[in-house]
**Student:** 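Pasting a structure below so you can have a look.
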Amino acid sequence: MGNWVVNHWFSALFLAVWLGLNVFLFVDAFLKYEKADKYFYTREILGPSLACARASALCLNFNSMLILLPVCRNLLSFLRGTCSFCSRTLRKQLDHNLTFHKLVAYMICLHTAIHIIAHLFNFHRYSRTRQATDGSLASILSGLSHGEKEGGSWLNPIQSPDMTVEYVTFTSIAGLTGVIMTIALILMVTSATKFMRRSYFEVFWYTHHLFVFYILGLAIHGIGGIVRGQTEESMNENHPHECAESFQKWDDHDSHCRSPQFEGHPPESWKWILAPVILYIFERILRFYRSQQKVVITKVVMHPSKVLELQMNKRGFSMEVGQYIFVNCPSISLLEWHPFTLTSAPEEDFFSIHVRAAGDWTENLIRAFEQQDSSIPRIEVDGPFGTVSEDVFQYEVAMLVGAGIGVTPFASILKSIWYKFQHGDHDLKTQKIYFYWICRETGAFSWFNDLLTSLEQEMEELGKVGFLNYRLFLTGWDSNIAGHAALNFDKATDIVTGLKQKTSFGRPMWDNEFSTIATSHPKSVVGVFLCGPQTLAKSLRKCCHRYSSLDPRKVQFYFNKENF
Amino acid sequence: MGQIEWAMWANEQALASGLILITGGIVATAGQFTQWYFGAYSIAAGVFVCLLEYPRGKRAKGSTMERCGQRYMTAVVKLFGPLTRNYYIRAVLHLLLSVPAGFLLATILGTACLAIASGIYLLAAVRGEQWTPIEPASPREGGMAGRAHHQHRPSNPPPRPPAEARKKARATAGGSPRAAPRPTRVPVTDEVV
């Protein structure tokens with residue numbers, strides 16, 4: 001528990017502040033509409049559901065403002081870059097942008113439910129008092145100045161007793177936009193479940209653009225001014241505390257109470273969402289502008305296990321280690337952008353990605369490049385965007401774990417190290433790197449065979465054999481491979497990869513690894529970086545907590561995960 | 001977009017619609033709104049839709065994530081054979097179920113969502129998709145991963161060097177008994193977790 005707090009205190013604080021603000025706004029608006037005199041007569045008809053609806057509306061405004069911000073990746077990259085002097089903890093928060101986006105979305109769904117249920121009660125009560133003929137205060141209020149709807153001082157939006165609530169809903173701006181917004185929200189949510197995102201990314205991507213209807217609907221939702229309160233001057237002529245009892249005698253020439261006048265207030269949602277919408281529009285323009293810049297493909301390599309390597313050039317493109325780009329191929333799909341980690345080092349004069357066939361789009365891309373006769377398809381690139389891998393060189397000791405294609409960000413890092421040592425850059429903060437590559441098939445190793453071979457050589461030449469400690473794990477082994485390996489045990493190089501470092505079979509035993517590292521570096525801060533599946537993240541996170549010592553001066557493991 | 005199984009999205013949408021129908025129905029019934037009996041219907045329809053849609057069908061390609069505890073409902077849904085397998089029938093069924101809820105404002109959202117789900121099911125049916133139940137996990141066969149023994153301990157003994165190497169080792173070790181003469185140069189480290 002102690003370790004969890006040390007590693008996550010900033011996230012916990014951030015979430016606590018966000019939840020606290022939500023609660024505060026809800027309670028504040030609720031009390032305002034429940035207690036204010038201005039809404040006394042409105043409450044007479046509607047009861048507490050008025051306050052519920054308004055309170056949830058305020059929370060909806062607040063969360064709708066927040067929801068667009070975490071997905072402005074250019075803005076986040078910019079913040080990351082300018083905040084390089086900020087502590088690691090603050091910048092790590094920016095990696096959780098998608099998680100925050102989802103949390104805000106859940107909150108929007110919750111408040112939408114509260115808001116709709118409260119308004120259902122409101123409409124029901126308005127309709128009931130409209131039809132009531134019992135001469136109660138509520139029915140008198142409902143009947144006020146229903147003749148002159150335009151600019152009139154009416155309270156009940158339901159004009160005549162035969163008007164149904166369904167009619168009012170679909171003919172008022174508030175009702176219609178409400179229905180459209182809610183349906184858009186529901187469609188967005190059902191296509192964005194984890195199952196849908198992992199299995200059919202395109203459905204999620206396209207359907208999520210329904211948010212435009214949500215935002216537009218929200219902006220004009222309050223135009224009709226259906227929520228009515230008493231006007232200022234009416235409060236002078238008819239203060240509820242004095243005149244509510246004598247409602248039968250309003251407007252009689254001997255009573256000093258006139259009929260109350262009501263007004264709606266102007267829409268305020270647009271004030272909340274204007275700035276984020278402008279930021280997001282700017283973000284999309286920026287993405288479009290960057291995508292229009294010409295990308296020149298300098299080299300195409302087809303690796304086994306259906307992996308395509310693309311080396312490209314773009315004017316003005318500069319990257320840091322482990323960043324990622326979004327790639328679009330108009331001949332395959334006009335609107336889809338897919339993220340890929342850069343596998344080249346900043347020191348090289350090109351940038352490259354390795355694409356594995358994992359779905360519709362990637363398979364089409366590989367097929368398009370496989371065809372020798374047709375011309376090379378055009379590629380558009382947006383980015384680069386920063387992720388945690390940039391932080392690798394901030395740690396004295398770094399543990400890099402890549403599963404399968406997840407090794408890509410670390411390829412970039414290792415290449416960068418190669419160049420740094422080539423150029424004699426010896427003031428790296430990083431003293432030792434432990435690199436774990438977990439793979440299912442032997443063909444996968446060939447991607448970075450060259451890289452690892454040359455790294456082995458360079459380390460030997462420079463006498464820095466201890467700097468990079470890497471282990472490869474083959475999880476998809478069978479008795480044939482194992483037999484072959486045992487037969488050739490005493491060979492100097494590994495039969496699978498040709499490297500001096502022998503391939504291990506099966507999965508790493510993390511407890512052993514962590515305890516070994518903790519013992520060898522008792523006073524260091526160790527950064528653990530993973531690009532791989534969720535289950536592996538869980539085990540690594542557990543180990544980080546278990547092997548970090550409670551004393552902040554002793555060994556500390558910080559866990560960082562790539563997420564897309 | 002070629003490989004999208006629309007039925008999967010229709011399933012998520014229909015499940016959500018079921019929940020919305022139930023909620024709207026409860027609000028209408030509890031609040032005793034006018035014509036609240038439509039609300040009562042909506043609760044019943046919502047429960048039925050949720051039960052029908054809870055078991056996720058098997059994807060044609062790739063592995064499917066089961067919903068928690070869905071195998072009980074899978075068994076029931078399987079019983080109806082073609083009625084539940086065919087998506088045309090489901091599309092029509094959902095459309096018909098959604099209509100009565102459309103008469104009440106509290107449940108009209110459920111109607112809209114279920115009608116949309118019905119439309120997506122129609123699209124799925126036109127593209128020839130079918131509901132296949134997810135059977136309980138059977139041992140996987142075929143493929144490299146299938147032959148891998150990392151799921152359970154290997155049943156074969158560790159591989160031994162060929163006969164000549166064994167004879168040589170036996171000679172140098174001064175004739176040890178037949179039980180697996182492992183040359184001391186081969187420490188067997190069990191990396192399998």
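So you know, we letter chains A, B, ... as the sequences are listed, proteins then strands, and number each from 1.
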**Student:** Considering only heavy atoms, which portion of Phe123(A) lies under 4.5 Å from any heavy atom of chain B: side chain, backbone, both, or neither?
**Tutor:**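 Side chain of Phe123(A) only, per the 4.5 Å heavy-atom cut-off to chain B.
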**Student:** I need the residue from Val27(B), Leu15(B), Thr34(B), Thr64(B) with the largest number of non-hydrogen atom pairs under 4.5 Å to chain A.
**Tutor:**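 Heavy-atom pairs under 4.5 Å are most numerous for Val27(B).
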**Student:** Return the CD1 to CG distance between Ile89(B) and Leu83(B), rounded to the nearest 0.5 Å.
**Tutor:**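 It comes to 5.0 Å.
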**Student:** Give, as side chain, backbone, both or neither, the part of Ile116(B) having an atom under 4.5 angstrom from any heavy atom of chain A.
**Tutor:**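 Interface part for Ile116(B): side chain.
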**Student:** Can you tell me which residue among Glu66(B), Glu5(B), Glu12(B) is in a salt bridge (Lys or Arg N to Asp or Glu O under 4.0 Å) with Arg56(B)?
**Tutor:**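 Of the listed residues Glu66(B), Glu5(B), Glu12(B), the salt bridge (Lys or Arg N to Asp or Glu O under 4.0 Å) partner of Arg56(B) is Glu12(B).
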**Student:** For Gly532(A) and Ala403(A), work out which heavy atoms get closest and say how close.
**Tutor:**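 The answer is CA-CB, 4.1 Å.
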**Student:** Given that the side chain runs from C-beta out, which part of Phe121(A) has a heavy atom under 4.5 Å from chain B: side chain, backbone, both or neither?
**Tutor:**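 Answer is both: backbone and side chain atoms of Phe121(A) are under 4.5 Å from chain B.
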**Student:** Pick whichever of Ala16(B), Gly31(B), Ser17(B) has the most heavy-atom pairs under 4.5 Å with chain A.
**Tutor:**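 The candidate making the most pairs under 4.5 Å is Gly31(B).
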**Student:** Counting only heavy atoms closer than 4.5 Å, note whether Thr193(A) contacts chain B via side chain, backbone, both or neither.
**Tutor:**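 Just its side chain gets close to chain B.
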**Student:** With sequence neighbours excluded, give me every salt bridge (Lys or Arg N to Asp or Glu O under 4.0 Å) pair touching residues 88-105 of chain B.
**Tutor:**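 Sorted pair list: Glu53(B)-Arg90(B).
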**Student:** Any side-chain heavy-atom pair from Pro508(A) and Ile438(A) closer than 4.5 angstrom?
**Tutor:**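 Yes, side chains in contact.
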**Student:** Sort Leu187(A) into side chain, backbone, both or neither according to what part of it lies under 4.5 angstrom from a heavy atom of chain B.
**Tutor:**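 Looking at Leu187(A), backbone and side chain both touch chain B.
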**Student:** For a 4.5 angstrom cut-off between non-hydrogen side-chain atoms, does Tyr206(A) reach Glu336(A)?
**Tutor:**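 Contact flag for Tyr206(A)/Glu336(A) side chains = yes.
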**Student:** For Trp131(B), which residues count as a ring-ring contact (aromatic ring centres under 6.0 Å, His included) partner, sequence neighbours excluded?
**Tutor:**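 Partners of Trp131(B) under the ring-ring contact (aromatic ring centres under 6.0 Å, His included) test: none.
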**Student:** Listed by residue number, which members of residues 172-186 of chain A have a heavy atom under 4.5 Å from any heavy atom of chain B?
**Tutor:**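 Thr182(A), Ile183(A), Ile186(A) fall under the 4.5 Å cut-off.
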**Student:** Examine whether an atom of Gln131(A) lies under 4.5 Å from a heavy atom of chain B, and if so say whether it belongs to the side chain, the backbone or both; otherwise answer neither.
**Tutor:**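 Contact with chain B involves no heavy atom of Gln131(A) at all.
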**Student:** Locate the shortest heavy-atom distance separating His208(A) from Met188(A); write the atom from each residue and the value.
**Tutor:**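 The answer is O-SD, 3.6 Å.
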**Student:** Can you tell me how far CZ of Arg71(B) sits from CD1 of Ile134(B), rounded to the nearest 0.5 angstrom?
**Tutor:**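 Between Ile134(B) CD1 and Arg71(B) CZ, I get 12.5 Å after rounding to 0.5 Å.
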**Student:** Side chain from CB out, backbone as N, CA, C, O: work out which of these in Gln35(B) comes under 4.5 Å of a heavy atom of chain A, or both, or neither.
**Tutor:**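 The answer is neither part of Gln35(B).
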**Student:** Measure the CG-CD1 distance between Leu21(B) and Ile26(B) for me, rounded to the nearest 0.5 Å.
**Tutor:**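 Here the interatomic distance stands at 11.0 Å.
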**Student:** Would you tell me whether Trp9(B) and Thr190(A) have side-chain atoms, one donor and one acceptor, within less than 3.5 Å of each other?
**Tutor:**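 Yes, Thr190(A) and Trp9(B) have a side-chain donor paired with an acceptor closer than 3.5 Å.
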**Student:** Any idea which heavy atoms bring Gly39(B) and Ala28(B) closest together, and the distance?
**Tutor:**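 Taking every non-hydrogen atom into account, CA-CB, 4.1 Å.
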**Student:** Heavy-atom distances under 4.5 Å only: say whether Ser127(A) touches chain B with side chain, backbone, both or neither.
**Tutor:**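 Contact with chain B is absent: no heavy atom of Ser127(A) under 4.5 Å.
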**Student:** Less than 4.5 Å apart, any side-chain heavy atom of Leu123(B) and any of Tyr87(B)?
**Tutor:**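 No; the side chains remain at least 4.5 Å from each other.
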**Student:** Going by residue number, which parts of residues 104-111 of chain B are within reach of chain A, meaning a heavy-atom gap below 4.5 Å?
**Tutor:**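 Residues Leu104(B), Leu105(B), Ala106(B), Ile108(B), Leu109(B) are the ones that qualify, each having a heavy atom under 4.5 Å from chain A.
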**Student:** Can you find a heavy atom in the side chain of Arg507(A) that is under 4.5 Å from one in the side chain of Phe473(A)?
**Tutor:**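 They are not in contact (no side-chain heavy atoms under 4.5 Å apart), so the answer is no.
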